[in-house]
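Worksheet: the structure to be examined is printed underneath.
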Amino acid sequence: MARQQMHPESEGDDDVVSPQGIVVGVDGSEHSQCALVWAAREAERRRRPLHIVTAYSVPIFAASGLDGGYATVDDSVIREGAEAILKQAVDKVAPYDIDVDASVENGDASGVLLEMSETAELLVFGTRGRGGFVGRLLGSVSSALPAHAKCPTVTVPLVCAARLGETTTDKRVRAEQEKSGSQPVENVVVVGVDGSEQARVAVLEAAAQAERMGAKLRGVCAVPQYSGSLAWVPAPMDREALFADIRVQLDAGVAWLQSHYPNLTIETQLVDGTPVDVLVEASRHVELVVVGTRGRGGFAGMLLGSTSDGILHHAKGPVLVVPDKDDPRLADRPKFGPMLGAA
């Protein structure tokens with residue numbers, strides 16, 4: 001059973017809590033409920049504490065007339081609503097064997113969560129919200145966080161509610177669920193690869209996540225048809241040679257990764273198609289899709305703001321975005337053979 005601790009926001013306290021472990025933003029919406037369940041399961045997998053946070057801003061209005069000025073709204077009602085949402089969230093994760101901490105923060109949702117990312121191990125949030133508290137998620141919070149967070153982030157779309165044991169009344173989402181059909185979710189973690197250093201960092205994080213989930217790791221390299229950096233390919237035979245060359249480099253990458261994760265089942269997939277389309281389709285039927293924050297733009301380039309941003313907006317399952325960071329394990333990659341995308 002969850003061991004709980006609540007930290008309602010105190011008036012005049014401008015310091016944001018600095019949580020450890022898994023942080024999840026909630027606002028009472030169906031989207032945030034899915035994120036909450038995923039985060040609780042992840043906290044249990046990692047044996048790490050879960051911190052639940054909701055945030056709000058007090059509106060300020062400009063007055064007009066001779067006595068014009070600025071007026072603020074009494075935030076007591078807003079804060080009480082936030083605390084009620086927080087309590088509901090804490091109660092929902094009570095069945096999990098985790099330590100639970102919770103806080104109400106006064107401030108912009110994205111700013112609050114970005115500050116928490118300085119100490120958090122992982123940030124989790126839904127794709128949209130109510131418009132208050134940790135709302136406005138996709139297009140503001142969940143677009144800003146993956147690009148700027150100091151720790152990895154997971155975006156959990158409402159369309160995967162059923163796989164989390166949740167329900168939804170959203171007609172658009174229910175239609176999308178019917179479209180996906182009853183095909184079971186594979187116990188697979190998919191990671192986009194493109195030969196960039198950032199992608200290799202993402203691959204290492206994906207491998208660690210696959211081990212935690214007891215899942216298979218599948219590296220996917222998508223090669224767009226004669227576009228961008230591949231526009232120079234003049235003939236089908238040249239494309240076949242390109243694929244053969246990429247395959248050799250992918251195999252070398254697998255050998256390197258296997259040396260660090262000897263008990264992990266690893267496979268690779270080299271496919272025709274754009275990275276967004278390929279990874280969005282994969283997200284329908286796998287546990288998790290992992291991407292880096294930047295990439296080459298060629299092969300399965302993962303430039304946040306284009307490819308990764310497109311995946312976040314259209315994914316049918318959870319997406320883990322891994323920020324760029326130094327990792328000593330990258331140093332021995334050249335020992336295992338040619339590197340994808342190397343000059």
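As the structure is a computational prediction, the values presented were derived from the model and not from experiment. Side chains included, hydrogens not; waters and symmetry mates left out as well; all remaining heavy atoms used.
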Is [X] reaching over with its side chain to a backbone N or O of [Y], donor-acceptor style, under 3.5 angstrom?
| X | Y | result |
| --- | --- | --- |
| Thr54 | Val104 | no |
| Trp256 | Arg329 | yes |
| Glu30 | Thr169 | yes |
| Arg200 | Gly195 | yes |
| Ser32 | Asp27 | yes |

[X]: side chain to side chain contact (heavy atoms under 4.5 Å, CB included) partners, not counting sequence neighbours:
| X | result |
| --- | --- |
| Thr167 | none |
| Pro19 | Val17, Val23, His51, Met116, Thr119 |
| Asp272 | Gln225, Arg239, Phe243 |
| Glu211 | Tyr261, Leu264 |

Nearest 0.5 Å please: distance from the [atom1] atom of [X] over to the [atom2] atom of [Y].
| X | Y | atom1 | atom2 | value |
| --- | --- | --- | --- | --- |
| Leu320 | Leu123 | CG | CG | 11.0 Å |
| Met339 | Ser196 | CE | OG | 10.0 Å |
| Asp327 | Glu197 | CG | CD | 9.5 Å |
| Glu267 | Leu250 | CD | CG | 12.0 Å |
| Leu122 | Ile22 | CG | CD1 | 4.5 Å |
| Leu145 | Leu113 | CG | CG | 5.5 Å |

Taking only Lys NZ, Arg NE, NH1 and NH2, and the carboxylate oxygens of Asp or Glu, determine whether Arg247 and Glu240 approach each other closer than 4.0 Å. no

Between Lys216 and Glu186 (salt bridge meaning N to carboxylate O under 4.0 Å), is one present in this structure? no

Contact check, side chains of [X] and [Y], non-hydrogen atoms, under 4.5 Å:
| X | Y | result |
| --- | --- | --- |
| Phe125 | Thr155 | yes |
| Glu205 | Val201 | no |
| Pro275 | Pro224 | yes |

Test salt bridge (Lys or Arg N to Asp or Glu O under 4.0 Å) applied to Arg212 and Glu121, Glu44, Glu42, the passing residue: Glu42

What closest approach, in Å, do [X] and [Y] show between heavy atoms, and which atom pair accounts for it?
| X | Y | value |
| --- | --- | --- |
| Leu279 | Val289 | O-CG2, 3.9 Å |
| Ala149 | Pro323 | O-CB, 4.0 Å |
| Val280 | Lys316 | O-CG, 4.2 Å |
| Ala252 | Pro338 | CB-O, 3.7 Å |
| Gly192 | Ala199 | O-CB, 4.2 Å |
| Ala206 | Val191 | CB-CB, 3.7 Å |

Joint hydrophobic cluster, [X] plus [Y], side-chain heavy atoms closer than 4.5 Å:
| X | Y | result |
| --- | --- | --- |
| Leu217 | Leu330 | yes |
| Val185 | Ile311 | no |
| Leu242 | Val193 | yes |

Distance-only side-chain donor-acceptor flag, His260 / Asp332, under 3.5 Å: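 Side chains of His260 and Asp332: pair found under 3.5 Å.
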
Do Glu287 and Gln209 have side-chain N/O donor and acceptor atoms under 3.5 Å apart?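 No, no side-chain donor-acceptor contact under 3.5 Å.
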
Worked check of side chain to side chain contact (heavy atoms under 4.5 Å, CB included) between Val319 and Thr153: CA-CA 8 Å; Val319 178; Thr153 62; over 6 Å; no

Side-chain donor-acceptor contacts of residues 33-41 below 3.5 Å, not counting sequence neighbours, with atom names and distances?
from: Arg41; atom 1: NH2; to: Leu164; atom 2: O; distance (Å): 3.2

Which residue pairs pass the salt bridge (Lys or Arg N to Asp or Glu O under 4.0 Å) test with at least one member in residues 146-166, sequence neighbours excluded? Lys92-Glu166

Is it true that atom CZ of Arg333 has more than 12 heavy atoms of other residues, nucleotides or ligands lying nearer than 6.0 Å?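 Correct, the count exceeds 12.
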
